[in-house]
Every structure is written in C-alpha cells, then in structure tokens.
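Working notes for the structure below.
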Amino acid sequence: MIVETQELTRMYRLGASVIMAVNKVSLEIKESTFVSIAGPSGSGKTTLLHLIGLNDRPTSGKVFFKNEDTSLLSHRERREIRLRNIGFVFQTFNLLPTLTALENVELPMALAKIPPKLQREKAIQLLEAVGLTGRLQHRSKELSTGEMQRVAIARALANDPLLILADEPTGELDSETGYEIIKLLLRLCRTHKTTVVVATHDERVAKASDVKYSMRDGLITRDVGL
Ligand SMILES: Nc1ncnc2c1ncn2[C@@H]1O[C@H](COP(=O)(O)OP(=O)(O)O)[C@@H](O)[C@H]1O
Ligand SMILES: [Mg+2]
C-alpha cells in the first residue's frame with residue numbers, strides 16, 4: 001500500500017459550529033493505481049487530499065505512507081516525505097507567474113537540493129514529455145490555461161514522485177484540453193507506475209479510474225462498478 005488512512009477525521013470549528021470536513025475516512029491506495037474521488041463542492045475532497053499529502057494534520061485518525069505511521073513524524077520529516085514522494089497538481093495550478101515554465105519545474109528540484117545542471121536537464125525532459133517543448137522560456141502568466149496545467153503536471157513530476165495528488169485538475173480547462181490532461185495523468189500511471197489520486201467533478205476521470213470513491217459531507221464510499 002502506498003497510502004492507508006484509518007478513521008481519518010478533520011474537523012473545523014467556526015464560532016459555535018463544527019464542520020466535519022473529513023469524517024472517519026478509511027481507505028487503502030495501492031501502488032500504480034488511478035484513483036478518483038468524486039463529490040459535490042464542500043464534500044471534503046480538497047481537505048482529504050491535503051491530509052493524504054501530509055500538508056495538513058488530522059484532528060484524529062491516521063495516515064500511513066508506505067506503511068509508516070506519519071502521525072509519529074516531525075514537521076520536518078513529513079516535509080521530507082512530501083518533497084521526495086508526492087507531487088501536487090492544483091485546480092488553479094499555483095505556478096509562480098513571473099518564473100518561466102522551466103524555472104517553475106526546477107523549483108521543487110532546487111528544494112530537494114538537486115544540482116542545477118541536472119535540474120535543467122530534467123525540467124526540459126519533463127516539459128517535452130507534457131508536450132511543451134516550444135514554451136520553455138515563457139513565463140507562466142504568458143501561457144494558456146491548458147499549458148499552465150501541463151507545466152503544473154511537469155512540476156509535480158520533478159522529483160519522481162510515487163504519488164500524484166491532483167485536485168480538480170481539469171476544472172479550469174475546456175473540455176478538450178481537460179481530456180488531454182486526463183490522458184496525460186493516465187499515461188503516467190500506466191507507464192511510470194505512478195499512483196494518481198484525482199479529486200474531480202469530471203465524469204471522464206471517474207470512468208478512466210481503476211478505483212472510484214465518492215464523498216459527501218466528509219464521508220467516503222467506494223463505488224463498485226457494474
Ligand atoms: N480552513 C477551513 N476552515 C473552515 N472550514 C473549512 C476550511 N477548509 C474547508 N472547510 C470546510 O470543509 C468542508 C470541506 O471543504 P473542501 O475539502 O474544500 O471540499 P471540496 O474540496 O470537496 O469542495 C466545507 O464545508 C468547507 O467549507
Ligand atoms: Mg476542493
């Protein structure tokens with residue numbers, strides 16, 4: 001198992017009210033699978049991805065990453081696991097607008113202290129792999145939304161993650177570009193054995209996935225296909 005959660009719970013307190021954003025979620029994610037998490041807005045998808053990605057800590061329950069109980073780790077150790085093993089793709093891309101496509105992809109490698117020459121080679125190779133050979137020196141604000149999402153995927157792959165967490169990666173894209181992104185993620189999963197977990201409203205993502213979950217009010221259920 002690459003990720004296992006046990007009764008994972010994240011509660012938010014807003015004044016007198018309590019929101020169970022993620023409510024006792026127990027799931028197992030196997031290596032090399034393509035997993036989708038569907039559910040309406042506010043159902044807890046983003047919160048769950050941030051817990052699995054060790055960006056946030058649960059109110060109760062546990063996340064095991066490669067069978068290691070991450071609740072026992074320090075902030076620094078969790079950051080190290082995240083940097084070496086997990087790539088994030090956000091709905092709004094989160095690129096740095098004034099950096100070029102190349103520089104955006106190099107950034108996580110710089111954080112992982114990869115030598116600059118290797119960073120450059122790898123960034124070029126990744127941007128080629130996502131079909132952006134002609135856009136290396138474009139600043140991200142000069143790119144189309146589809147191109148930005150490709151840069152974001154290349155960046156997520158920079159440190160050869162075992163796991164990609166994608167939060168509504170097609171949400172801001174037109175239908176055709178969205179479909180290209182889905183195919184790209186699927187290809188990564190099939191050829192590089194990368195585990196991909198996608199939170200999505202996009203029915204095509206759910207269709208393409210090996211394992212489907214649905215969330216509602218913080219609760220998760222596994223959909224068993226016909
Ligand atoms: N930082 C926060 N503080 C308070 N409530 C939050 C916070 N983040 C999310 N929530 C609430 O938690 C619930 C789940 O949110 P979220 O995980 O963003 O859902 P989704 O990604 O499925 O739209 C929502 O009701 C949302 O309002
Ligand atoms: Mg969300």
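Counting starts at 1 for both ligands and their atoms, following the listed order.
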Handout entry: Exercise check, heavy-atom protein proximity under 4.0 Å to atom 27 (O) of ligand 1
Key = no

Problem - Heavy-atom protein neighbour under 4.0 angstrom from atom 14 (C) of ligand 1 - result: yes

For [atom], what is the closest protein heavy atom, and at what distance to 0.1 Å?
{"atom": "atom 12 (O) of ligand 1", "value": "A21 CB, 3.3 Å"}
{"atom": "atom 11 (C) of ligand 1", "value": "Y12 CD1, 4.0 Å"}
{"atom": "atom 17 (O) of ligand 1", "value": "T47 OG1, 2.5 Å"}
{"atom": "atom 18 (O) of ligand 1", "value": "T46 CB, 3.7 Å"}
{"atom": "atom 22 (O) of ligand 1", "value": "K45 NZ, 2.8 Å"}
{"atom": "atom 24 (C) of ligand 1", "value": "G42 O, 3.6 Å"}
{"atom": "atom 19 (O) of ligand 1", "value": "G44 N, 3.1 Å"}

Quiz question: by atom type and distance under 3.5 Å, do the side chains of [X] and [Y] form a donor-acceptor pair?
{"X": "D223", "Y": "S214", "value": "yes"}
{"X": "R84", "Y": "N159", "value": "no"}
{"X": "D69", "Y": "S71", "value": "yes"}

Handout entry: Candidates D56, D167, V22, V198 - the one meeting side-chain contact (heavy atoms from CB on, under 4.5 Å) with L49
Key = D167

Exercise for the section: Run through N23, I37, T47 and flag the one making a side-chain contact (heavy atoms from CB on, under 4.5 Å) with M215. Expected result: I37

Problem - Minimum side-chain heavy-atom gap D160-K122 below 4.5 Å - result: yes

Exercise for the section: With the side chain counted from C-beta on, respond yes when E7 and S60 share a heavy-atom pair under 4.5 Å apart, and no when they do not. Expected result: no

Exercise for the section: Report yes or no: does a heavy atom of S41 sit under 4.0 Å from some atom of ligand 1? Expected result: yes

Problem - Where ligand 1 meets S43 - atom numbers and elements under 4.0 angstrom, heavy-atom basis - result: 19 (O), 20 (P), 22 (O)

Handout entry: Contact partition for P40 relative to ligand 1, non-hydrogen atoms under 4.0 Å
Key = backbone

Practice task
Using a strict cut-off of less than 4.0 Å between a Lys/Arg side-chain nitrogen and an Asp/Glu carboxylate oxygen, indicate whether K117 and E121 qualify as a salt bridge.
Solution key: yes

Problem - Note: E106-R120 ion pair, threshold 4.0 Å (strictly below) - result: yes

Problem - Q91 backbone or side-chain N/O/S under 2.8 Å from the Mg ion (ligand 2) - result: no

